[in-house]
Student: 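Below are the structure tokens for one structure; questions will follow.
Just so we're on the same page: letters track the sequence lines, and every chain starts at 1. Please read these numbers as outputs of a predicted model, since none were measured by experiment.
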Amino acid sequence: MSNVIGIVNYGIAGNIHSIEKALKKAGAKTLIINKAEDFTKVDKLVLPGVGSFKDAMKELKNDGFIEPLNNNTKPILGICLGMQILSTVGFEYGQTKGFNYIDAEVRPMLVDAKVPHVGFNTIEVVNTNKIIKGLEKAEFYFMHSYEVVNYTNIVSLTEYAGHKFVSSIQKDNIYGVQFHPEKSRDAGIQLLKNFINLGEK
Amino acid sequence: MKTRIIAKLDAKPPFIVKPVHFEGLRQIGLPFELAKKYYEQGADEVFYIDIVASLYQREILFNEIEKTANELFIPFGVGGGVRTIEDFSKLFDNGADKVVINTYAVQEDPEIINKAAQIFGNQSVVVNIEAKKWDSHYECFTDCGRIRSGRNVIEWAEEVESRGAGEILLQSVDADGRQRGFDIDLAKEVVENIKIPVVVSSGAGKLEDIKALIECAQPSGVAIASLLHYDSYQIVDIKNYLRKNNIEVSI
């Protein structure tokens with residue numbers, strides 16, 4: 001197996017390069033996915049995202065990426081907004097349908113504290129998995145104003161100003177992290193390494 | 001919440017310099033070397049501000065940004081001379097995670113904050129405020145404290161928040177580079193009046209200054225330059241000291 005990690009580039013500017021750089025540092029072969037045909041050339045997918053839920057879904061549609069993602073059976077790692085759009089529905093600038101991989105809603109963080117939630121924070125693992133294994137005590141970098149609200153498929157929670165929110169999720173081979181592994185020092189690189197090595201002997 | 005400890009690099013390309021009271025400049029080193037050093041010391045973020053780009057209307061040096069970004073696996077904020085949405089785009093393409101804007105927004109067109117926030121997401125738009133005490137209030141200055149804007153700092157902070165900025169980098173023209181402590185009143189007033197995170201810069205001369213700032217004003221982050229540049233302390237020393245004083249920090 002060649003094990004190429006595809007980074008879905010859907011016109012939302014931002015952290016594509018940071019993610020590519022971090023994946024390379026973690027030892028991956030990467031391919032930036034710019035068109036629908038590219039999905040067949042890779043073995044796993046990273047779904048990044050900065051911006052709003054609504055714009056992200058619109059851009060994915062414009063690029064013709066909705067269908068390949070709906071039909072996808074390869075492991076996916078959604079990062080930040082890329083995790084949020086794995087949910088059923090988002091409420092950022094109106095109501096927008098997501099991929100519905102995870103039965104969840106994306107809502108504004110309701111905390112009596114500064115929003116966006118920005119900075120390093122710890123995770124509290126509820127159900128460990130292969131990509132988070134060994135990183136249960138690690139700190140990761142967060143930068144978000146919305147949170148995924150769900151009651152199943154929770155991997156970890158994180159506390160911010162007394163409020164606990166879902167900081168990572170998993171269902172089958174679909175993984176999502178609210179934090180940015182590409183911005184989380186060695187712990188983030190390790191998490192990416194774990195994702196790259198999924199299913200590898 | 002863990003207070004972010006951020007290394008701030010002021011650049012007069014190709015060098016990182018240390019402005020003293022926004023005026024005299026001392027060369028400290030090259031951006032990518034310093035960024036890497038502070039990353040390895042445990043910085044939570046790095047900010048790189050080209051402090052002359054706006055004044056001289058110079059182009060941002062994108063290759064320097066890229067080279068610096070390549071050394072970092074923590075967030076990297078870049079600013080100085082940002083005037084257009086294309087500047088934002090290019091900086092993100094060259095590895096910036098956040099773009100810092102000041103002069104153009106405050107002096108010419110604040111609407112750029114709305115546009116950038118909508119396209120790139122609130123969290124990646126940082127507004128730098130250079131505050132100077134003027135009569136009984138604080139006024140926004142630009143171009144390293146040289147030019148007045150006529151805008152009240154608190155009103156401007158509220159305005160940039162409502163326009164979609166994700167964070168404020170607050171500098172004090174009076175305290176910058178002097179290493180005599182932060183302007184805590186200024187920091188407190190801004191932090192208390194807005195909901196978005198505030199990173200406070202200008203004035204760290206000793207560890208107690210940082211502690212006093214965090215305890216009194218509770219900023220989301222503290223940006224430190226001189227104290228690190230002169231190797232008085234490493235970031236790990238700062239964090240250990242804060243932790244001993246019951247202030248939460250990462251690693």
Student: Determine, for B/Glu45 against A/Lys183, whether the closest basic-nitrogen to carboxylate-oxygen distance falls under 4.0 angstrom.
Tutor: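 No salt bridge links B/Glu45 with A/Lys183.
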Student: Measure the acute angle between the ring planes of B/Phe120 and B/Phe92, then classify it against the limits of 30° and 60° as parallel, tilted or perpendicular.
Tutor: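 Aromatic pair B/Phe120/B/Phe92 classed tilted.
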Student: Verify whether the ring centers belonging to A/Phe39 and A/Phe65 lie closer than 6.0 Å.
Tutor: yes
Student: Sort B/Leu91 into side chain, backbone, both or neither according to what part of it lies under 4.5 angstrom from a heavy atom of chain A.
Tutor: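 Contact with chain A is absent: no heavy atom of B/Leu91 under 4.5 Å.
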Student: At a 4.5 Å cut-off on heavy atoms, which part of B/Phe88 comes close to chain A: side chain, backbone, both, or neither?
Tutor: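 Neither part, no heavy atoms under 4.5 Å.
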Student: With no hydrogens and no angle check, just 3.5 Å: does a side-chain donor-acceptor pair link B/Asp183 and B/Ser202?
Tutor: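 Per modelled atom types, B/Asp183 and B/Ser202 side chains form no pair under 3.5 Å.
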Student: Of the listed residues (B/Asn94, B/Thr3, B/Ile196), which shares the most heavy-atom pairs with chain A below a 4.5 Å separation?
Tutor: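 Of the options given, most contacts go to B/Ile196.
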Student: Is it the backbone or the side chain of A/Ala161 that comes under 4.5 Å from a heavy atom of chain B, or both, or neither?
Tutor: neither
Student: Does the side chain of A/Gln170 pick up a donor-acceptor pair with the side chain of A/Asn153 at under 3.5 Å?
Tutor: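 No, because no side-chain N or O of A/Gln170 sits under 3.5 Å from a partner of the opposite role on A/Asn153.
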Student: If I measure from the heavy atoms of chain A, does B/Asn70 come under 4.5 Å with its side chain, its backbone, both, or neither?
Tutor: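 Its backbone and side chain both get close to chain A.
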Student: Has A/Arg185 got its NZ or CZ under 6.0 Å from the middle of the six-membered ring of A/Tyr141, at an angle within 45 degrees of the ring axis?
Tutor: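 Judged by the rule (NZ or CZ under 6.0 Å from the ring centre, within 45° of its axis), A/Arg185 is not positioned above A/Tyr141.
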Student: Less than 4.5 Å to any heavy atom of chain A: does that hold for the side chain of B/Val191, its backbone, both, or neither?
Tutor: both
Student: Sort out for me which of B/Gln123, B/Gln118, B/Lys98 touches chain A most, counting heavy-atom pairs under 4.5 Å.
Tutor: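 With the most close heavy-atom pairs to chain A, the winner is B/Gln123.
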Student: What part of A/His117 gets within 4.5 angstrom of chain B, counting heavy atoms only: side chain, backbone, both, or neither?
Tutor: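 Only the side chain of A/His117 comes within 4.5 Å of chain B.
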Student: Among the options B/Val198, B/Val99, B/Ile74, B/Asn122, pick out the one with the most heavy-atom pairs lying under 4.5 Å from chain A.
Tutor: B/Ile74
Student: Under 4.0 Å between a side-chain nitrogen and a carboxylate oxygen: does that hold for A/Asp112 and B/Lys195?
Tutor: no
Student: If the threshold is 4.0 Å, N to carboxylate O, is there a salt bridge linking A/Glu37 and A/Lys35?
Tutor: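 No salt bridge links A/Glu37 with A/Lys35.
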Student: I'd like to know if B/Glu40 pairs up with B/Lys36 as an ion pair, taking the criterion as any Lys NZ or Arg NE/NH1/NH2 lying under 4.0 Å from an Asp or Glu carboxylate oxygen.
Tutor: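 Yes, charged N to carboxylate O under 4.0 Å.
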Student: Which one, A/His144, A/Glu159, A/Lys25, leads in non-hydrogen pairs under 4.5 Å with chain B?
Tutor: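 The residue among A/His144, A/Glu159, A/Lys25 with the greatest pair count is A/Lys25.
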Student: Tell me, side chain or backbone of B/Ser220 under 4.5 Å from chain A's heavy atoms, or both, or neither?
Tutor: side chain
Student: Which atoms of A/Ala138 come close to chain B, meaning under 4.5 Å heavy atom to heavy atom: side chain ones, backbone ones, both, or neither?
Tutor: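 For A/Ala138, neither part sits under 4.5 Å from chain B.
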Student: Heavy-atom distance under 4.5 Å to chain A: side chain of B/Ala165, backbone, both or neither?
Tutor: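 Neither part.
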Student: Thinking salt bridges, do B/Glu167 and B/Arg4 make one under a 4.0 Å N-O criterion?
Tutor: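 Yes.
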Student: Name the region of A/Ser184, side chain, backbone, both or neither, that has any atom closer than 4.5 Å to a heavy atom of chain B.
Tutor: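 The answer is the backbone of A/Ser184.
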Student: B/Ser124, B/Gly166, B/Gly221: which one forms the most heavy-atom pairs within less than 4.5 Å of chain A?
Tutor: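 Among B/Ser124, B/Gly166, B/Gly221, the one with the most close pairs to chain A is B/Gly166.
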